[in-house]
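Note sheet for the following structure.
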2 protein chains.
Amino acid sequence: MKDFTSTPSPVKHIAEPTVRRLSGYLRFLEAFDAEGHETISSGELARAGGTTSAQVRKDLSFFGSFGKRGLGYGVKDLIASLREILGLDTRWPVVIVGAGKIGAALAQYRGFGTHGFDVVGIYDTDPSRVGTHLNGVTVRADGDLEGDIAALTPRIAVLCVPGEAAQAALDRVVGAGIRAVLNFAPTSLVAPEGVTVRAVNMATELEVLAYALTNESRD
Amino acid sequence: MKDFTSTPSPVKHIAEPTVRRLSGYLRFLEAFDAEGHETISSGELARAGGTTSAQVRKDLSFFGSFGKRGLGYGVKDLIASLREILGLDTRWPVVIVGAGKIGAALAQYRGFGTHGFDVVGIYDTDPSRVGTHLNGVTVRADGDLEGDIAALTPRIAVLCVPGEAAQAALDRVVGAGIRAVLNFAPTSLVAPEGVTVRAVNMATELEVLAYALTNESRD
DNA sequence: GGGTGCTTGTGAAATCCTTCACAAGCTACT
DNA sequence: AGTAGCTTGTGAAGGATTTCACAAGCACCC
């Protein structure tokens, strides 16, 4: 049995649902830690994350062995391990493209910073927004985007532009070297191989709910 | 072979990824229709939605038979069918709980209304926000929540409260009869059986991207 | 120091989802 | 009317993920 205490191994391909759950465990553990708990069992973690204890253990087992049999997991240790697994042991510079309602709301969102992500630039085409300040970062002109990406080397871009402008915005940030994008525009985007795009789409979420309500013939 | 032209059958359990994709197809088809296209093939739809043509056809086949062999799908017909499948042939009243940055941004989001969802109420505990207007809806006092839900019978609640308040907000709307919730708070919530909760969690999305960037040793 | 009670880690089984591959069916053209 | 060229709809195969079930391991107590 290998000792993975200090280096979770990335090893093989991990399914996205697994990564999402790990993120959820981390979120809950942070709150649990703040409440002063020292240890947690896979069962408790499962209940909080809406899954099963076997799932929790399997998810973690891909990366190593973090618990103590009979006892559970050390809360602080597991937090540290999950941070390392998810790549949160460094800070990630992020640019936001679009300073409208959503872009502005995001820029002012505190959790951004407290979770390891630093907003290093916000860009907008509207001259009346350029120069305004959002949570300490000045909105810059759209045209500065490429130059700033080259200079500040953010790894992640968050797109908060209208749907019609989203594909063009994606192409620009990808052209400038960005390989990971979070898209808030209600359009599905095509990206070249090697670029990860995640979408947050309110319409889709609401439609999933509408579908669920429409088909309550479940039991 | 049955004729399902006017009534897509809800029939058996459909996987959530399928429903999400259907929503994505609908979004793309609306844009495609606006460009004046009459028909579309499963291959074109697949490219736009980031999937395969077989997947598109399989997704649709759960609900009936909507295309013409050799030709593809009628864009307007398919839009109508997808709307019906997703339960968008009626309008859905929605309440927003929390009128902070995110709640306010959502309330002013136009796409809400154009996709069949009507914001019928926004609630906040902060007296300085109560009485302000957001896109034609007046922010009401937190205490009015239960009474308004009883009176206006919204089926969906969108939670935009801070993490610490999210579980309590969920319990309240569920108590008042809501069975579908979209949670923007960065906390995972526990809901009773029969209540559908979907979460939009920025931290998780960013962490999935961080994980992807950290493990680029793929190919 | 051995027993008891609890919880992890993990192969194997089961379930779920996606991809394959091809018959069926439509249109256009000769 | 027959043929050629596309594209759908769908069983069946293949892969992936989740669940099961149990041996292994730790702490506490007598």
Side-chain angles (χ1 to χ4, degrees), chain A residues 1-5 8-9 11-25 29 32 37-75 77-78 81-82 85 208 218, chain B residues 1-5 8-9 11-25 29 32 37-75 77-78 81-82 85 208 218:
Chain A
M1 201 142 297
K2 302 259 200 62
D3 175 57
F4 280 126
T5 48
S9 55
V11 185
K12 49 156 50 183
H13 180 252
I14 300 296
E16 189 185 303
T18 301
V19 179
R20 295 186 98 73
R21 284 192 300 268
L22 292 176
S23 168
Y25 303 154
L29 285 167
F32 205 63
H37 295 89
E38 299 277 322
T39 64
I40 191 169
S41 71
S42 58
E44 293 172 275
L45 205 36
R47 227 163 298 126
T51 177
T52 67
S53 63
Q55 181 80 77
V56 170
R57 294 197 301 276
K58 182 62 87 175
D59 286 343
L60 294 174
S61 78
F62 292 127
F63 299 93
S65 182
F66 306 102
K68 282 197 173 50
R69 301 184 183 212
L71 281 192
Y73 301 86
V75 173
D77 288 352
L78 192 50
S81 298
L82 286 172
I85 290 168
V208 171
R218 163 114 36 95
Chain B
M1 203 141 298
K2 302 258 197 63
D3 176 58
F4 281 126
T5 47
S9 54
V11 185
K12 49 154 51 181
H13 180 251
I14 300 295
E16 190 187 302
T18 302
V19 179
R20 296 186 98 74
R21 283 192 299 268
L22 293 176
S23 168
Y25 304 154
L29 285 167
F32 205 62
H37 295 89
E38 300 277 321
T39 64
I40 191 168
S41 70
S42 57
E44 294 173 276
L45 205 36
R47 226 161 301 125
T51 176
T52 67
S53 64
Q55 181 80 78
V56 170
R57 296 197 301 276
K58 179 65 75 174
D59 286 343
L60 294 173
S61 77
F62 292 127
F63 299 94
S65 181
F66 306 103
K68 283 198 173 50
R69 300 182 184 213
L71 280 190
Y73 302 85
V75 173
D77 289 352
L78 192 50
S81 299
L82 285 173
I85 290 168
V208 171
R218 163 116 37 97

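Quick note on labels: first sequence line is chain A, next is B, and so on, each numbered from 1.
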Pairs under 3.5 Å (N/O, protein and nucleotides 3-5 of chain D):
none

Which atoms of nucleotides 19-21 of chain C (N or O only) lie under 3.5 Å from a protein N or O atom, and what are those distances?
residue	atom	partner	partner atom	Å
C:dA21	N6	B:R57	NH2	3.4

Review point. Does the side chain of B:Y73 reach to within under 4.5 Å of the side chain of B:L60, using non-hydrogen atoms?
Key: yes

Check your understanding: Between A:I40 and A:L29, is a side chain to side chain contact (heavy atoms under 4.5 Å, CB included) present by the stated rule, with each step listed?
Key -> CA-CA 9 Å; A:I40 191 169; A:L29 285 167; 3.9 Å; yes

Exercise for review: Any pair with a residue in residues 57-68 of chain B that passes salt bridge (Lys or Arg N to Asp or Glu O under 4.0 Å), sequence neighbours left out, goes on the list, sorted by first then second residue, please.
Suggested key: B:R21-B:D59

Check your understanding: Is there a side-chain polar atom (N or O) of A:Y73 under 4.0 Å from OP1 or OP2 of C:dG9?
Key -> yes

Review point. Can B:D77 and B:F66 be said to form a side chain to side chain contact (heavy atoms under 4.5 Å, CB included), step by step?
Key: CA-CA 8 Å; B:D77 289 352; B:F66 306 103; over 6 Å; no

Practice item. Could I get the full list of side chain to side chain donor-acceptor pair (under 3.5 Å) partners for B:T51, not counting sequence neighbours? Key: none

Review point. Between A:L60 (CG) and C:dG9 (P), how many Å, whole number?
Key: 7 Å

Check your understanding: Quick one: does B:R69 reach the base of D:dT8 with a side-chain donor-acceptor pair under 3.5 Å?
Key -> yes

Exercise for review: Kindly say if B:S42 contacts the phosphate of D:dT8, meaning a side-chain N or O under 4.0 Å from OP1 or OP2.
Suggested key: yes

Check your understanding: In whole Å, what is the span from the CG atom of A:L71 to the P atom of C:dG9?
Key -> 11 Å

Review point. D:dG9 C1' sits how many Å from B:D59 CG, rounded?
Key: 13 Å

Practice item. Specify the separation, in whole Å, of atom CD of A:E16 and atom C1' of D:dA16. Key: 14 Å

**Study point:** Euclidean distance, atom NE2 of residue B:H13 to atom P of C:dC16 [Å, nearest integer]
**Key:** 9 Å

Revision key, fill the gap. Assert: residue with more 5' nearest nucleotide on DNA chain C, out of B:P17 and A:G43, is A:G43

Check your understanding: In whole angstroms, how far is the C1' atom of C:dT27 from the NZ atom of B:K68?
Key -> 12 Å

Review point. Are B:F63 and B:I14 close enough, and set up right, to give a side chain to side chain contact (heavy atoms under 4.5 Å, CB included), and what steps lead you there?
Key: CA-CA 10 Å; B:F63 299 94; B:I14 300 295; 3.7 Å; yes

Check your understanding: A:I14 CD1 to D:dA16 P: how many Å, rounded?
Key -> 13 Å

Review point. Any side-chain heavy-atom pair from B:S41 and B:E44 closer than 4.5 angstrom?
Key: yes

**Study point:** B:I40 CD1 to D:dT7 P, straight-line distance once rounded to whole Å
**Key:** 12 Å

Study note, to complete from the structure: Applying side-chain contact (heavy atoms from CB on, under 4.5 Å) to B:T52 and not counting sequence neighbours gives B:A54, B:Q55

Check your understanding: Which residues pass the salt bridge (Lys or Arg N to Asp or Glu O under 4.0 Å) test with A:E38, sequence neighbours left out?
Key -> none

